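To find a chain, count down the sequence lines: A is the first, B the second, and so on, and within it residues start at 1. Please read these numbers as outputs of a predicted model, since none were measured by experiment.
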Amino acid sequence: MKLYPRQRHRVLQVVTKLVIPFVLMFGLYVQFHGDYGPGGGFQAGVIFASAFILHGLIFGLQQTRRVLSPGVLRVMMSLGVLLYAGTGAVTMLMGGNLLDYDVLAHDPLHGQHWGIFAVELGVGITVTGVMISLFYGFASKR
Amino acid sequence: MTQAIGLYSYWIVILLMMAGLYIMIARYNLVKKIIGLGLFQTSIFYLYITMGKVDGGTAPILVEDATLLYSNPVPHVLILTAIVVGVATSAVALALIVRIYESFDTIEEDEIKAIEAQEPDS
Amino acid sequence: MTEQLPALQILITMMAAPLCVLVRNARVSWAIALLANAFACWVAWQLLQQVQTTGVIRYALGGWAAPSGIEYYIDTMNAAVLLLVSGISTLSLLYAYKSVSKAVPMAKHYLFYSAWLLCVTGLMGIVITGDAFNVFVFLEVSSLATYMLISFGDDRRALTASFRYLVLGSVGASFILIGIGFLYAATGSLNMVDLAERIPDSESQRAVLVAFSFITIGVLIKAAVFPLHAWLPNAYTFAPIAVTAFLAGTATKVSLYVLLRFFFSIFGEAYSFGQLFLNTVLLPAAIAGFVLMSLVAIFQTDLRRMLAYSSVAQIGYIVAGFALASQAGLTAGIVHIVNHAMVKTALFMAVGCIIYRVGHAHRPSLDSLFKHMPFTCVAFIISGLGLIGVPLTVGFVSKFTLIGAAMERGWWILAGLVLISSLMAVVYVGRVVEVMLFRQSRQSGPESSGLSEAPVTMLIPMYVLVAMGLYFGINGSQTLSVAGEAARQLLGGF
Amino acid sequence: METLVAIVLLTFLAIVAVGIIVLRDLLGAVILLGLYSLIAAGAFVVMDAVDVAFTEAAVGSGISTILFLGALSFTKHEQKPRGNDSVMALIFVIVTGGLLIYGTLDMPHYGRADSPAQSHPDLAVRFIEVSGSEVGPPNIVTSVLASYRGYDTLGETLVVFAAGIAVLSLLGLKRRRPEEESPEDAPGDTPGVKPDDVQSQY
């Protein structure tokens with residue numbers, strides 16, 4: 001993908017800087033409000049990634065890479081999966097079946113709440129990492 | 001009204017699916033094949049969601065109203081998974097296409113076949 | 001602890017995959033992969049023991065009982081396939097260490113092993129699950145990892161092979177998705193046991209029929225059964241050879257397992273073969289597969305491609321066994337799944353050793369290879385005999401059972417054709433052996449002078465498989481009894 | 001009213017699909033595919049699948065369009081004209097479609113509340129009736145996705161992870177150094193430009 005950081009899209013740059021915090025905020029909302037309305041880890045991850053993709057498109061990949069390095073992305077996508085599977089491992093250690101969140105707290109409903117929170121977070125982290133990696137991968141070929 | 005499109009909506013969706021499948025197998029351009037895959041899969045998602053719709057139902061988000069009818073959430077869950085799988089597949093496919101273009105200098109299937117036919121196996 | 005074994009089967013390799021990406025070191029990630037696989041292999045062995053003593057194991061994931069949640073359903077059949085997949089994967093990984101170091105750049109090794117782990121996890125996930133939709137999800141996990149593994153091949157045609165497999169594989173997976181959707185619309189369920197109960201009572205029998213045909217076609221594509229095998233030869237030829245050895249022993253076998261599960265457990269033998277006359281479609285395809293593909297294999301000069309076509313032919317034998325739909329036929333099919341996996345993996349490993357030292361696998365230029373690489377050649381010859389089906393090898397056990405099953409049904413033609421295609425195997429294996437053993441080197445040029453035997457880490461896994469092949473060839477009753485037990489359970493439905 | 005909207009959206013989808021088939025310009029086809037996903041997302045909202053609509057809009061018309069554009073930016077934009085279309089493919093597609101339509105003939109009609117899928121006591125009915133007290137979240141889709149069928153979602157995360165490492169291995173994340181850069185020029189570049197010049201252009 002061709003990116004034109006040096007061209008003077010001053011308006012776009014300023015607007016982008018204004019918009020990105022709101023996009024990130026919306027991502028957080030979707031991540032943690034998924035219990036009550038539409039949304040969840042996957043959608044939140046995509047929204048988070050879109051903020052960085054927007055940054056990359058407007059400021060150029062070099063700038064974005066300074067904010068979020070490929071090494072961090074690698075760690076993110078692995079950690080998300082580990083968090084999800086690790087939640088399963090913890091439920092097993094606490095005496096339940098794989099991914100049986102009931103055992104995570106004294107009260108099954110609380111356990112479910114914590115379990116869903118953890119796995120959605122895992123999904124969100126992995127998806128954010130992978131989606132930005134996909135963008136880096138396709139954008140950094142030239 | 002409902003009876004009139006009782007099956008009609010399935011049929012249109014099937015036609016759309018077949019359009020996608022046709023692009024996948026009949027077009028030589030690799031990118032076009034993957035576009036066809038996207039069309040095919042999106043139409044399958046549509047088919048699933050059609051199955052879960054209940055007349056007069058609302059989105060499956062619980063509210064304090066016992067009389068409310070909800071649409072079936074199961075197809076929604078399945079399709080959420082399937083959408084993710086679909087985009088993952090297209091991402092891998094597109095990455096492969098980029099590499100194929102780098103090494104063959106074309107993304108037309110028949111031209112690639114012609115180039116490959118000239119190379120011995122080992 | 002023992003009741004958590006089914007979960008550990010999947011979880012360990014699953015968690016090892018991201019761990020490899022985190023450590024980013026070639027050797028460490030290889031060690032992680034090997035350890036995780038060995039552990040999975042041990043778990044599978046324990047599960048097989050447990051299933052044989054206590055019967056079917058059901059494990060409710062998330063603590064939600066069967067139709068609501070997803071469950072693992074393990075009977076003799078899946079336990080055996082789990083052991084096969086994890087065992088072959090462990091041996092191939094041991095083999096991969098040296099073999100892959102030449103083909104794949106060092107900096108990408110951690111990705112390679114991570115993809116390998118994902119592939120194994122996906123394959124085992126398909127086998128162990130008792131939920132129809134979950135089959136699709138893990139099918140895609142293993143498929144994506146497989147596309148990636150194939151693309152690691154050092155020839156540029158590996159990329160196109162991988163892409164073609166991706167397109168065909170996605171068509172197959174989408175067909176399976178459509179089939180599962182129709183099943184869900186007709187019954188409202190996704191759990192296999194529940195589906196088996198509800199299908200006969202469903203008021204949408206046409207939808208069930210369509211679901212059946214779509215799932216069948218989709219799985220047949222993934223299993224590379226004869227007219228739908230187009231992706232296989234190139235994929236096997238251009239993938240890194242350790243990957244080929246691994247895939248040849250596992251990927252198609254797992255798809256064949258899915259076929260069995262859907263035909264016999266979910267739809268039931270009476271529906272698939274009684275009502276729909278499936279054998280009138282499946283049997284001609286299987287026969288055409290093993291006859292034609294054996295014939296094609298004879299004319300290949302590249303060993304990898306020859307073995308790839310031979311694989312399609314062998315899948316034909318297995319499907320022919322299924323199509324007989326009898327206790328004996330199923331036993332033959334299942335036992336051949338295991339036996340062929342051992343033989344073919346060993347053969348590809350031998351070819352890999354040749355490639356490692358010689359640099360190519362072009363049959364006519366392997367003159368008097370036996371002088372330089374005796375161990376590799378002996379392994380190739382013994383496994384080749386197994387492929388043909390010579391007595392005292394595993395191939396004999398399964399072909400003998402298959403011919404017996406065919407004659408039990410009175411299908412003499414099938415028995416005859418199996419013999420004929422075995423003769424073709426004699427020709428294509430024989431030509432390689434002839435070049436290796438007897439043909440004199442035209443010139444003792446610099447190319448062949450510096451040759452030596454392959455590294456020990458490549459020879460050991462190969463010889464483990466060769467030894468297992470000989471052991472189960474001489475003592476065939478062990479695998480046959482397990483396969484017979486699995487066939488009985490399958491024919492009995494859930 | 002809802003059904004009417006659904007029919008209109010379906011018609012839109014059909015028009016867009018025809019556009020995708022006939023268009024030879026790949027860029028146009030990609031944009032149309034994004035549009036297709038967006039319309040489908042609209043239809044999903046009409047059919048009460050809000051979560052799916054959200055995802056389809058974000059993924060189908062967002063991320064996947066970006067990926068296509070990324071891939072197109074260094075391959076060719078035009079699909080080469082071909083002679084006659086493959087008859088075999090057409091026959092295959094017609095047979096497949098015919099089979100599917102045959103299968104729908106006795107399927108539960110659109111919107112029926114008493115179909116097997118809607119009335120299965122252990123799946124749909126249970127999720128709607130007791131997920132609130134068993135699992136907690138008001139959004140049933142979240143309950144089913146993360147708890148009842150949480151293992152599927154684990155598999156889904158693995159698929160995403162697999163795609164991530166596949167792109168990592170195929171394309172890499174770092175900008176390639178000039179000497180590693182492929183010799184081919186992408187369309188739009190002046191042929192024969194040295195790698196150094198390419199660097200300085202940006």
Side-chain angles (χ1 to χ4, degrees), chain B residues 1-2 5-7 9-12 14-16 18-19 21-23 25-26 28-29 31-32 35 38-39 42 46 49-55 57-62 70-74 76-77 79-81 83-85 87-88 90-92 94-99 101-102 105 107-108, chain D residues 3 7 10 13 17 20-21 26 29 33 36-37 40 44 47-52 55-56 59-60 63-64 67 71 75-76 79-80 82 85-86 89 93 97 100-101 104 109-111 113 117-118 123-124 127-128 132 138-141 144-145 149 152 156 159-160 163 166-167 170-171 182 184:
Chain B
M1 189 63 202
T2 315
I5 71 153
L7 295 174
S9 68
Y10 287 134
W11 295 347
I12 298 286
I14 288 169
L15 277 181
L16 294 173
M18 290 307 115
L21 186 61
Y22 178 75
I23 296 176
I25 56 182
Y28 286 108
N29 188 292
V31 175
K32 199 68 181 260
I35 293 176
L39 189 58
T42 311
Y46 201 106
I49 300 300
T50 316
M51 291 168 187
K53 169 71 181 160
V54 174
D55 268 335
T58 109
I61 296 173
L62 296 170
Y70 296 106
S71 281
N72 187 352
V74 181
H76 303 180
V77 174
I79 287 316
L80 277 175
T81 308
I83 288 177
V84 177
V85 169
V87 72
S90 343
V92 176
L94 290 169
L96 277 170
I97 290 176
V98 168
R99 289 286 305 275
Y101 184 76
E102 271 186 359
D105 204 20
I107 47 167
E108 300 284 330
Chain D
T3 34
I7 290 178
L10 265 177
L13 284 181
I20 295 176
I21 293 182
L26 292 173
L33 185 66
Y36 187 89
S37 289
F44 293 161
M47 293 190 286
D48 304 332
V50 280
D51 279 272
V52 181
T55 315
E56 181 67 36
V59 172
I63 292 287
S64 106
L67 295 182
T75 55
K76 290 183 173 135
Q79 165 195 336
K80 289 203 175 151
R82 292 282 173 259
D85 283 332
S86 160
V93 166
L100 277 173
I101 288 179
T104 58
H109 285 194
Y110 174 78
Q118 264 68 275
L123 273 90
F127 295 153
I128 289 172
N139 186 351
I140 305 173
V141 173
V144 181
L145 189 82
R149 298 187 69 84
D152 261 355
E156 170 199 318
V159 172
V160 175
V167 171
L170 284 167
L171 302 179
S182 60
E184 293 93 354

When [options] are compared by non-hydrogen pairs under 4.5 Å with chain D, the top option:
| options | result |
| --- | --- |
| B/I83, B/I97, B/L21 | B/I83 |
| B/V92, B/V85, B/V84, B/L96 | B/V84 |
| B/V74, B/I49, B/I107 | B/I49 |
| B/V87, B/I12, B/L16, B/I23 | B/L16 |

Compare every heavy atom of [Y] with every heavy atom of [X], then report the nearest pair and how far apart it is.
| X | Y | result |
| --- | --- | --- |
| B/P60 | D/N139 | O-OD1, 3.7 Å |
| B/L94 | D/A71 | CD2-CB, 3.8 Å |
| B/L62 | D/G132 | CD1-CA, 3.7 Å |
| B/Y46 | D/F44 | CA-CE2, 3.7 Å |
| D/L67 | B/A91 | CD1-CB, 3.7 Å |
| B/T50 | D/M47 | CA-SD, 3.9 Å |

For the atom pair [atom1] ([X]) and [atom2] ([Y]), what is the distance rounded to the nearest 0.5 Å?
| X | Y | atom1 | atom2 | value |
| --- | --- | --- | --- | --- |
| B/D55 | D/Q118 | CG | CD | 10.0 Å |
| D/Y36 | B/I35 | OH | CD1 | 13.5 Å |
| D/I140 | B/H76 | CD1 | NE2 | 10.0 Å |
| D/E56 | B/I79 | CD | CD1 | 9.5 Å |
| D/T75 | B/E102 | OG1 | CD | 11.0 Å |

Checking heavy atoms, do the side chain of [X], its backbone, both or neither come under 4.5 Å from chain D?
| X | answer |
| --- | --- |
| B/Y28 | side chain |
| B/T58 | backbone |
| B/I14 | side chain |
| B/L39 | both |
| B/L15 | neither |

[options]: which one forms the most heavy-atom pairs within less than 4.5 Å of chain B?
| options | answer |
| --- | --- |
| D/I63, D/V144, D/I21 | D/I21 |
| D/T55, D/V52, D/V159, D/L123 | D/V52 |
| D/V141, D/V50, D/V160 | D/V141 |

Worksheet item: Checking side-chain contact (heavy atoms from CB on, under 4.5 Å) for the pair B/T42/D/L13: CA distance, chi angles, key distance, verdict?
Response: CA-CA 11 Å; B/T42 311; D/L13 284 181; over 6 Å; no
Fill in: D/A166 portion near chain B, given a 4.5 angstrom heavy-atom threshold
side chain
Item to complete: Give a yes or no on whether the backbone of D/I20 and the side-chain of B/K32 come within a donor-acceptor separation of less than 3.5 Å.
Response: yes
Discussion item. Strictly distance-based, threshold 3.5 Å: is any side-chain N or O of D/D51 a donor or acceptor partner for the main-chain N or O of B/L80?
Written reply: no
Discussion item. Walk me through whether B/I25 and D/V93 qualify under side-chain contact (heavy atoms from CB on, under 4.5 Å).
Written reply: CA-CA 9 Å; B/I25 56 182; D/V93 166; 4.0 Å; yes
Practice prompt. For the residue pair D/R149 and B/T81, establish whether any side-chain heavy-atom pair is separated by less than 4.5 Å.
Written response: no
